[in-house]
Peer 1: 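Below is a structure I'd like to ask you about.
In what follows, every chain begins at residue 1, and chains take the letters A, B, ... in the order their sequences are listed.
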Amino acid sequence: MKKEIIGILREAIDRACQQGLLPQADYPEPSLEEPKIEQHGDFATNWAMVCAKAARMAPAKIARIIQESVGDRPGVIEKIEVAGPGFLNFFVRREAWNSVLVEVLEKGADFGRSNLGAGQKVQVEFVSANPTGPLHVGHGRGAAVGDSLANVLAATGHAVQREYYINDSGRQIRTLGLSVYLRAKELGGMAVDFPQDAYQGDYIKDLAGQAMQKQPGLLEMGEDKAIAFCAHFAADAILAGIRKDLEDFGVSYECWFSEQSLYDSGAVEDALAFFKEKGQIYQKDGAFWFATEKYGDEKDRVVVRANGLTTYFASDIAYHKNKFDRGFERIIDIWGADHHGYVNRIFAAVQALGRQKESFTALLVTLVNLLRGGQPLAMSTRSGEFVTLKEVVDEVGKDAARFLFLTRHHDSPLDFDLELAKEKSNDNPVFYVQYVYARICSIEKKAAQEGLIIVSPPEKALLTEVEEVRLLKSLARYPQVLESAARLLEPHRITFHLLELAALFHAYYNKHRVVGEEKELSYARLALVLAVRQVIKNGLGILCVSSPESM
RNA sequence: GCCCCCGUAGCUCAGUGGAUAGAGCAAUGGAUUCCUAAUCCAUGUGCCGCAUGUUCGAUUCAUGCCGGGGGCACCA
């Protein structure tokens with residue numbers, strides 16, 4: 001529809017120029033917006049105001065010229081108004097919106113999909129929590145954002161791969177091994193001094209018990225070997241748990257990528273050698289430094305410490321190099337906001353690789369405040385007391401959790417109230433949207449009882465009630481919302497659009513009867529609500545929230 | 001000290017240059033012989049943190065300030 005209007009507008013401008021009504025000048029392409037206020041029409045353009053200078057005419061005068069010029073070939077346009085300082089407001093014939101209905105019903109599950117990405121290979125890496133403990137709510141938000149974003153990108157024609165980076169190397173894994181080993185010794189009746197920086201959670205004790213079952217001679221095998229065993233055993237067990245929790249949350253990855261494998265394959269060494277050769281890595285004070293400052297980082301960063309050990313950054317450079325080597329044209333990392341100091345470093349590495357800055361994006365997801373009935377829940381990783389993702393999903397369900405995590409921009413902090421998430425009321429936006437789906441299923445059943453079944457989209461445009469046109473316009477906007485969500489990497493836009501559509505539907509439902517006396521009208525209305533249901537389903541699918549047929 | 005994010009209605013937040021800035025919650029009143037009342041309808045509220053600049057036009061962009069949050073490592 002939008003393209004159609006732009007076409008009409010462009011033709012009108014050309015005609016006006018040819019007829020000499022407008023001076024020849026270098027005019028910009030007209031752009032159309034959708035006014036917030038209905039009195040301002042279905043579409044509007046500021047073209048006359050933008051061109052006032054180039055044409056050396058008053059905006060209102062230009063607008064009137066265009067208005068008349070369009071009048072010669074109005075197409076779907078019912079009327080045009082010149083308003084305010086020179087806006088052109090277009091009012092589309094109500095019947096014209098019927099084409100949206102046809103499109104939704106014909107495309108079905110594909111409605112909204114596009115080829116915006118043109119097959120670009122994109123990788124979305126998210127959660128990537130260290131396998132040293134269970135996932136908590138914060139990870140849940142990262143998972144919801146990452147997975148839904150991947151869905152958005154896939155739906156807009158990108159070749160998407162989801163990846164989880166396993167930090168299975170380095171000190172925290174050793175600390176994990178030590179923590180489990182010490183708990184095992186305790187279980188074996190030995191007195192131990194449990195250090196503060198070890199992992200405190202009760203799950204460590206459970207793992208210690210399991211490790212001893214698996215390896216009965218654990219306490220006699222020598223400390224180093226025992227710790228190494230515990231480290232591997234625990235990391236594997238925890239990772240299996242993480243995998244399960246994510247699956248229950250509707251998330252599955254195409255690739256689980258091990259940090260250790262970068263060392264084993266020599267990729268870290270190769271990457272370091274690669275950058276040394278290019279002069280990006282130099283030696284100073286006994287350590288090796290990566291020259292990140294010239295790419296906008298605060299200072300250069302150490303990659304190999306004076307003691308010969310590589311830093312986390314070293315493997316990260318190798319990791320991101322590896323991602324590009326695997327052919328990804330665009331890399332999106334979803335991190336907790338606490339990693340924000342890291343962004344410039346990776347940007348520097350990306351640019352040192354000779355890649356465009358745009359090929360890498362770090363999306364920072366801010367914290368989640370967990371509440372219960374308005375009261376904050378105390379959470380502290382140090383003491384080992386935190387609410388896990390599993391606990392939240394078990395309590396409120398996957399649907400509510402995934403939806404609520406996407407009710408905010410990823411940048412802004414999110415209050416997550418467990419009571420609210422379970423509530424079946426007005427306050428809970430998940431049910432509000434799902435209820436639309438269920439209601440329409442109910443209408444469909446009722447219609448079928450009356451012998452009313454949609455076999456093909458209605459040919460006659462009978463849907464001219466205000467509420468009907470609003471619904472059709474909202475449906476028409478869905479593909480644009482998907483595209484902007486993809487372009488801006490903001491999956492929460494889907495959530496907001498579904499809420500808008502749901503509100504329009506509920507209002508319509510309360511005012512008009514779908515299945516009624518007039519057969520043709522009932523048919524058209526049923527087709528309309530089925531189209532609404534389709535878009536609700538498509539949108540919820542992106543969010544990985546189910547569409548229940550009854551509630 | 002430096003870097004990033006935020007500041008919009010009583011509360012929680014949408015709104016990536018447009019017209020009279022929106023929604024939900026909370027408050028009050030109303031709607032069900034009829035497709036699910038987990039719904040709808042009606043009734044208010046705003047120096048869009050402050051200041052300057054860019055622009056025909058700024059809540060939106062730039063700069064500075066004020067206030068809130070997060071982050072700074074030869075840790076991971």
Peer 1: Using a heavy-atom cut-off of 4.0 Å across all strands, would you classify A/His512 as base, sugar-phosphate, or nothing?
Peer 2: base
Peer 1: Between A/Tyr199 and A/Leu178 (side chain of the first, backbone of the second, donor and acceptor by atom type, cut-off under 3.5 Å), is there such a pair?
Peer 2: no
Peer 1: What nitrogen or oxygen pairs link the protein and nucleotides 55-60 of chain B at under 3.5 Å?
Peer 2:
unit_1, atom_1, unit_2, atom_2, d
B/C56, OP1, A/Lys53, NZ, 2.6

Peer 1: Mind jotting down which residue pairs meet the side-chain hydrogen bond (donor to acceptor under 3.5 Å, both in side chains) criterion with at least one end in residues 336-347 of chain A? Sequence neighbours excluded, please.
Peer 2: none
Peer 1: Please state the P separation for the pair B/C25 and B/A21 - nearest whole angstrom.
Peer 2: 22 Å
Peer 1: Rounding to an integer number of Å, can you tell me how far A/Asp297 CG sits from B/C4 P?
Peer 2: 12 Å
Peer 1: Within this structure, what is the NE2-to-P distance between A/His409 and B/U16, rounded to whole angstrom?
Peer 2: 10 Å
Peer 1: Side chain of A/Tyr432 only, please: which of B/A19, B/C35, B/C40 is the nearest?
Peer 2: B/C40
Peer 1: State which of B/G22, B/A37, B/U39 makes the closest approach to the side chain of A/His506.
Peer 2: B/U39
Peer 1: Report yes if at least one side-chain N or O of A/Arg174 is closer than 4.0 Å to OP1 or OP2 of B/A76; otherwise report no.
Peer 2: no
Peer 1: Across the strands shown, which category fits A/Asn307 at heavy-atom distances under 4.0 angstrom: base, sugar-phosphate, nothing?
Peer 2: nothing
Peer 1: Touch check for A/Ser550, heavy atoms < 4.0 angstrom, all strands: base, sugar-phosphate only, or nothing?
Peer 2: base
Peer 1: Using atom names, set out every protein N or O paired with an N or O of nucleotides 67-72 of chain B below 3.5 Å, distance rounded to 0.1 Å.
Peer 2:
unit_1, atom_1, unit_2, atom_2, d
B/G70, N2, A/His340, NE2, 2.5

Peer 1: Indicate whether the side chain of A/Tyr282 and that of A/Asp300 have a donor and an acceptor atom separated by less than 3.5 Å.
Peer 2: yes
Peer 1: Once you apply a heavy-atom cut-off of 4.0 Å, does A/Asp285 come out as touching a base, just sugar-phosphate, or nothing?
Peer 2: base
Peer 1: Is it true that the NZ or CZ of A/Lys357 lies under 6.0 Å from the centre of A/Phe347's six-membered ring and within 45 degrees of the ring axis?
Peer 2: yes
Peer 1: Any donor-acceptor pair under 3.5 Å linking the side chain of A/Asn89 with the backbone of A/Ala44?
Peer 2: no
Peer 1: When all nucleic acid strands are considered with a 4.0 Å heavy-atom cut-off, which category describes A/His40: base, sugar-phosphate, or nothing?
Peer 2: base
Peer 1: Between B/G49 and B/U8, how far is it from one C1' atom to the other, in whole Å?
Peer 2: 10 Å
Peer 1: Is the positively charged end of A/Arg439 above the ring of A/Phe505, judged by distance under 6.0 angstrom from the centroid and angle within 45° of the axis?
Peer 2: no
Peer 1: Which whole-number value in Å describes the distance from A/His497 NE2 to B/G15 P?
Peer 2: 14 Å
Peer 1: With the threshold set at 4.0 Å, does a side-chain nitrogen-carboxylate oxygen contact exist between A/Lys473 and A/Glu38?
Peer 2: no
Peer 1: Taking CG from A/Leu504 and P from B/G22, how many angstroms apart are they, rounded to a whole number?
Peer 2: 16 Å
Peer 1: Just how far, in rounded Å, is C1' of B/C25 from CD of A/Glu419?
Peer 2: 17 Å
Peer 1: Using a 4.0 Å heavy-atom cut-off, does A/Ala503 contact any base of the nucleic acid, only the sugar-phosphate backbone, or nothing at all?
Peer 2: nothing
Peer 1: May I have the distance from A/Leu521 (atom CG) to B/C35 (atom P), rounded to whole angstrom?
Peer 2: 18 Å
Peer 1: With pairs defined as Watson-Crick or G-U wobble and both distances under 3.5 angstrom, please note down RNA chain B as a dot-bracket string, | for pairing with another strand.
Peer 2: (((((((..((((....[...)))).(((((.......))))).....(((((..]....))))))))))))....
Peer 1: Any side-chain N or O of A/Arg305 under 4.0 Å from OP1/OP2 of B/C75?
Peer 2: yes
Peer 1: Among B/A73, B/C40, B/A76, find the nucleotide with the atom closest to the side chain of A/Ala507.
Peer 2: B/C40
Peer 1: Taking side chain as C-beta onward, heavy atoms only, is A/Ile6 less than 4.5 Å from A/Phe43?
Peer 2: no
Peer 1: When you measure from the side chain of A/Ser474 to the backbone N and O of A/Leu471, does any donor-acceptor pair fall under 3.5 Å?
Peer 2: no
Peer 1: Between A/Phe496 and A/His492, what is the ring plane arrangement, given parallel below 30°, perpendicular above 60°, and tilted in between?
Peer 2: perpendicular
Peer 1: Give me the distance, rounded to whole Å, that separates B/G22 from B/U45 when you measure between the P atoms they each carry.
Peer 2: 12 Å
Peer 1: For the C1' atoms, the ones on B/A9 and on B/G15, what distance do you get once it is rounded to whole angstrom?
Peer 2: 15 Å
Peer 1: Which of these nucleotides, B/C74, B/A38, B/A19, is closest to any side-chain atom of A/Phe431?
Peer 2: B/A38
Peer 1: Not counting sequence neighbours, which residues clear side-chain hydrogen bond (donor to acceptor under 3.5 Å, both in side chains) with A/Glu465? List them please.
Peer 2: none
Peer 1: Between B/A19 and A/Phe87, is there a base-stacking contact, meaning the centre of the base's six-membered ring lies under 5.5 Å from the residue's ring centre while the planes stay under 30° apart?
Peer 2: yes
Peer 1: Could you tell me how far B/G70 sits from B/G24 if I compare only their P atoms? Round to whole Å.
Peer 2: 32 Å
Peer 1: On the nucleotide B/A73, are OP1 or OP2 found under 4.0 Å from the side-chain N or O atoms that A/Arg171 carries?
Peer 2: no
Peer 1: Would you mind telling me which of B/C74, B/C40, B/A14 lies closest to the side-chain atoms of A/Arg408?
Peer 2: B/A14
Peer 1: Rounded to the Å, how far apart are A/Asp316 CG and B/A73 C1'?
Peer 2: 16 Å
Peer 1: Between B/G57 and B/C41, how far apart are the C1' atoms? Round to whole Å, please.
Peer 2: 37 Å
Peer 1: Would you call A/Glu419 and A/Arg372 a salt bridge, taking side-chain N to carboxylate O under 4.0 Å as the test?
Peer 2: yes
Peer 1: Would you say a side-chain N or O of A/Lys299 is under 4.0 Å from OP1 or OP2 of B/C3?
Peer 2: no
Peer 1: Is it true that the side chains of A/Gln172 and A/Asn167 contain a donor and an acceptor less than 3.5 Å apart?
Peer 2: no
Peer 1: Of the options B/C40, B/C74, B/C5, whose atoms approach the side-chain atoms of A/Asn510 most closely?
Peer 2: B/C40
Peer 1: Please tell me whether A/Gln280 and A/Lys294 have a donor and an acceptor in their side chains that are separated by less than 3.5 angstrom.
Peer 2: yes
Peer 1: Does some side-chain heavy atom of A/Glu358 sit less than 4.5 Å from a side-chain heavy atom of A/Arg330?
Peer 2: no
Peer 1: Between A/Phe360 and A/His320, does a ring-ring contact (aromatic ring centres under 6.0 Å, His included) hold up when you go through it step by step?
Peer 2: CA-CA 9 Å; A/Phe360 172 77; A/His320 284 85; 5.6 Å; yes
Peer 1: Take the protein atom CD of A/Gln39 and the nucleotide atom P of B/G18, then report the distance between them rounded to whole Å.
Peer 2: 19 Å
Peer 1: Has the side chain of A/Asn89 got a donor or acceptor atom sitting under 3.5 Å from an opposite partner on the base of B/A19?
Peer 2: yes
Peer 1: When the C1' atoms of B/C6 and B/U59 are compared, how many Å lie between them, rounded to an integer?
Peer 2: 14 Å
Peer 1: Taking atom types as modelled, find out whether A/Ser148 and A/Arg402 have a side-chain donor-acceptor pair closer than 3.5 angstrom.
Peer 2: yes
Peer 1: Under 4.0 Å, heavy atom to any atom of RNA chain B: which of residues 473-491 of chain A qualify?
Peer 2: A/Arg487, A/Leu488
Peer 1: Distance check, P atoms only: B/U16 and B/G7, in whole angstrom units.
Peer 2: 13 Å
Peer 1: Is the shortest side-chain N to carboxylate O distance from A/Lys323 to A/Glu163 below 4.0 Å?
Peer 2: no
Peer 1: Need to verify one output field. Residue with the more 5' nearest nucleotide on RNA chain B, A/Val515 or A/Trp289?
Peer 2: A/Val515
Peer 1: Base, sugar-phosphate or nothing for A/Arg493? Non-hydrogen atoms, less than 4.0 Å.
Peer 2: base
